Amino acid sequence: MNRVKVLQAWLWCVSLWPCWLSHAVPLDCKDETGSLIQCTSISQEKLLDRVIQHAELIYRVSEESCTLFEDMFVPYPLYALRNQGGTMCHTKPFPIPGSKTEIQQISDKWLLHSVLMLVQSWMEPFVYLQTTLNRYDDAPDALLNKTKWVSDKLLSLEQGVVVLIRKMLDEGILTPSIFEHTLTPDDEPSPEIPESVLRDYNLLICFKKDAHKMETFLKLLKCRQSNKLSCLSY
Amino acid sequence: MRNSGAVLILTFIAKLILQAAGVSPPGKPRLTSCRSPEKETFTCWWEPGGDGGLPTTYALYYHLENSETVYECPDYRTAGENSCYFNKNDTSLWVNYNITVVASNALGKNISDPVEVDVVYIVQPNTPENVTAVVVHDEQGPFVRVSWEKPRTADTRSGWITLIYQIRVKQEKDEKWEEYDAGMQKYYNVFSLHPDKECMVQVRCKPDHGFWSEWTQTTYVKMPNYIPRERSLWILITIFSIFIVLILTWTLNVKRNSMKLCLLPPVPGPKIKGFDKQLLKSGKTEEIFNTLVIQGFPPTTDYENLLVEYLEVYDNEEQELVLDGKELSEDFMKSKSSSDNDSGRGSCDSRTLLLEKCMDGREGSGSDQHQYSQHGETSWASTESSESQGAEPGSPESTDGRAKTWPVVFPQPHHHYPVGAVKPAYHNVPEILNQLSPHATPSNYHQLHHQDIPQQELRFSKSACRHSQSYNQFNLDSIDTPAPGVPPLPSLEYVEVQRVNPENMLLLRPLSDPNREPERSDCTGEDYSKVKVVTSHNILLLQRDTSHQCVDDYSQADQCTTQQPPHPCKPAVHQWNSVMPQEGMRVMGNGYVDSTVLMPSF
């Protein structure tokens with residue numbers, strides 16, 4: 001009798017073994033091959049560091065993309081064209097302050113949310129940018145690769161910021177806000193090169209700025225996390 | 001129409017007048033640069049284009065990218081002349097400023113080209129501050145530790161700006177600066193500086209996206225005098241090499257002599273044996289020349305031949321019984337050596353003769369010699385071999401009974417030659433023979449008795465005739481005692497065997513005898529004979545190789561046979577007969593086997 005009981009208990013344990021595994025895995029993590037692996041937990045500081053690294057990389061790549069684009073259309077004085085066009089970057093749902101004092105007054109919550117909003121606002125335009133860049137005859141491969149890379153990295157950055165928000169602010173993700181994009185993909189064949197060029201160049205420039213914003217906000221956030229008093233008082 | 005035309009003409013004339021006067025509207029100004037030191041404020045500078053001779057004022061106008069409102073520069077003074085300073089309140093980040101400068105004077109104004117500026121991208125921090133360089137003494141060697149502070153205005157604490165630093169170092173008399181990246185840290189250790197030299201240090205910084213600041217003022221630091229670590233390695237190497245050199249020197253010293261021999265082989269000086277340098281120095285020429293003269297020198301060809309190879313001539317077996325068989329057999333055994341080679345034979349065999357050497361040997365085996373001498377001339381050859389062997393126990397040649405030198409052959413136990421004196425063989429021989437006991441039985445000297453001597457090694461010396469003649473000489477002397485009929489020979493004279501008596505006695509006659517048959521002289525022309533084969537009777541069969549000069553006296557042989565058939569002559573003759581079946585051999589009447597010849601027919 002005892003033996004039978006022990007055997008039953010053991011069988012139950014064995015059958016419930018996959019459940020234990022799932023319990024042990026808080027998050028669904030996938031490695032490169034796509035198979036489920038056990039996620040390693042990461043500290044908040046390290047996560048923030050990684051997010052900052054992402055933002056830095058994205059900014060650097062956007063800067064290089066701008067340079068490549070300018071080199072591509074050297075004969076066209078883009079600055080002049082730009083002035084004439086009076087272009088501007090698309091507006092955000094809520095204004096982001098432009099001075100240090102104002103920014104430093106923003107709370108952590110708002111900082112994170114601003115970053116998240118920025119990231120989400122740029123996902124679609126980059127898809128558009130990829131299609132338009134392909135239309136150019138002599139667009140360098142490096143430029144195309146970089147824009148593709150930025151699109152991917154934006155996704156991962158978004159994920160990271162979501163996790164950060166969850167960890168730092170203990171709140172779930174709000175409904176993703178829908179942004180109005182002033183730029184719509186052109187299904188028509190490309191018009192005069194200068195116009196599309198101007199538009200694309202403007203996109204790149206605006207993205208570069210927003211990438212810098214993200215980086216700055218995240219760095220500010222990091223400082224606050226590590227040294228709250230000194231960061232706020234300055 | 002006319003009014004406008006008139007106005008135009010008037011303005012044109014006015015301008016001309018003004019130009020003649022040297023005044024004009026201002027030139028176009030140009031914005032040179034805008035910089036923000038801390039990403040919170042920024043400053044723009046412009047360059048005037050020319051004032052046109054009249055006092056000109058400049059004004060800077062700007063508008064932001066997303067508004068049309070034009071603002072004028074809030075502060076013209078803070079940053080100096082021809083500049084515009086935007087404070088914190090007026091600075092917006094991530095927004096493009098469209099800036100223009102307008103120059104105006106009494107005659108007109110001029111507008112510069114607009115410039116788009118985003119503050120975030122024009123950050124150039126101030127230089128780092130409080131750069132200090134200190135020499136730190138470490139066990140591995142001194143190094144310089146450079147430390148500095150961030151520029152006062154940059155806000156790195158809140159993370160608003162991230163600065164990275166760069167340091168450059170130059171030692172005196174160097175041409176180039178060496179740059180090192182210090183990252184975000186505010187200190188740096190500079191190694192590998194040369195001792196006792198002054199060192200110049202400068203630092204600059206840069207935000208993560210922006211421009212490099214200017215280099216700081218030079219900071220000087222003096223490196224102390226020290227021995228760098230690498231020198232210690234050289235010291236070790238030096239000591240090690242010195243050690244090795246010492247060992248080598250010691251080794252060379254120990255092996256000094258052998259080294260000398262190796263490098264400088266001694267040159268043999270000229271030396272004349274028996275020659276005393278002292279005599280030369282004393283200046284007595286006659287004595288010198290006397291010492292130079294060797295008795296018995298110059299060598300005749302006979303001597304040379306005698307030196308080279310010798311025949312061993314032994315007695316008959318019958319006469320061996322007379323001898324002390326035991327001892328003799330020993331010698332015979334000794335003499336069985338097959339080597340015909342006389343190389344390496346220095347001492348006793350040499351003509352110049354170390355008689356003293358041989359003397360020692362002789363004395364030792366005096367008894368043997370005496371014994372041998374009893375047998376006398378019967379076995380000259382054997383005695384020769386045995387005696388010589390006895391005579392030279394020490395010399396290696398004694399074992400080889402083959403080659404002998406004449407002088408050595410007849411040592412006398414009671415004859416002690418003065419050391420150093422070289423006496424001619426001829427002198428010795430009669431003395432020896434006189435001393436010998438009359439027991440010497442005549443023997444067949446001509447019988448060749450050999451023992452297992454391979455034929456190719458045996459060689460008759462050049463003048464087998466002479467050989468035999470010399471033998472004859474001795475025999476003659478020996479025979480003289482029992483047979484006084486033979487006249488005593490003078491020294492230094494050859495004799496030759498004329499014929500063999502039935503009593504086994506050689507009938508000799510001197511070479512100088514005018515009756516000498518001419519054909520004998522031909523024998524002198526003989527050369528070596530080669531032994532063709534050794535027969536079963538231990539007899540050498542010689543090979544014919546030269547001309548037939550020596551004539552065989554078959555008649556004499558016949559004479560011998562006819563006279564005394566049963567006599568011992570017969571055996572000799574018989575042996576001759578047996579000897580003679582081969583070609584190329586000839587027996588002379590005097591009993592010699594001559595190399596040259598036809599088949600004798602008996």
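If you're wondering where the values come from, they're calculated on a predicted model, not measured in any experiment. Chain letters run A, B, ... following the sequence lines, proteins first, then strands; residues in each count from 1.
In this structure, the ring of B/Phe86 has its center less than 6.0 angstrom from the ring center of B/Tyr62.
Chain A is approached within less than 4.5 Å, heavy atom to heavy atom, by B/Asp208, B/His209 from residues 205-212 of chain B, ordered by number.
For the residue pair A/Tyr136/A/Asp200, the side-chain donor-acceptor check at 3.5 Å is satisfied.
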Full working for side chain to side chain donor-acceptor pair (under 3.5 Å) between B/Thr216 and B/Thr127: CA-CA 6 Å; B/Thr216 57; B/Thr127 60; over 6 Å; no

Criterion side chain to side chain donor-acceptor pair (under 3.5 Å) on B/Thr100 and B/Ser112, from CA distance to verdict: CA-CA 6 Å; B/Thr100 55; B/Ser112 68; 5.6 Å; no

A/Lys213/A/Asp210 under salt bridge (Lys or Arg N to Asp or Glu O under 4.0 Å): CA gap, chis, key distance, verdict: CA-CA 5 Å; A/Lys213 274 186 209 170; A/Asp210 285 346; 3.4 Å; yes

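The candidate with the highest count of non-hydrogen atom pairs below 4.5 Å against chain B, out of A/Glu102, A/Lys219, A/His212, is A/His212.
Paired with A/Asp108 under the rule salt bridge (Lys or Arg N to Asp or Glu O under 4.0 Å), one option of A/Lys222, A/Lys167, A/Arg224 passes, and it is A/Arg224.
Using a 4.5 Å cut-off between heavy atoms, A/Leu221 makes no contact with chain B at all.
Of the two cysteines examined, B/Cys44 and B/Cys84, the SG atoms fail the criterion of being under 2.5 Å apart.
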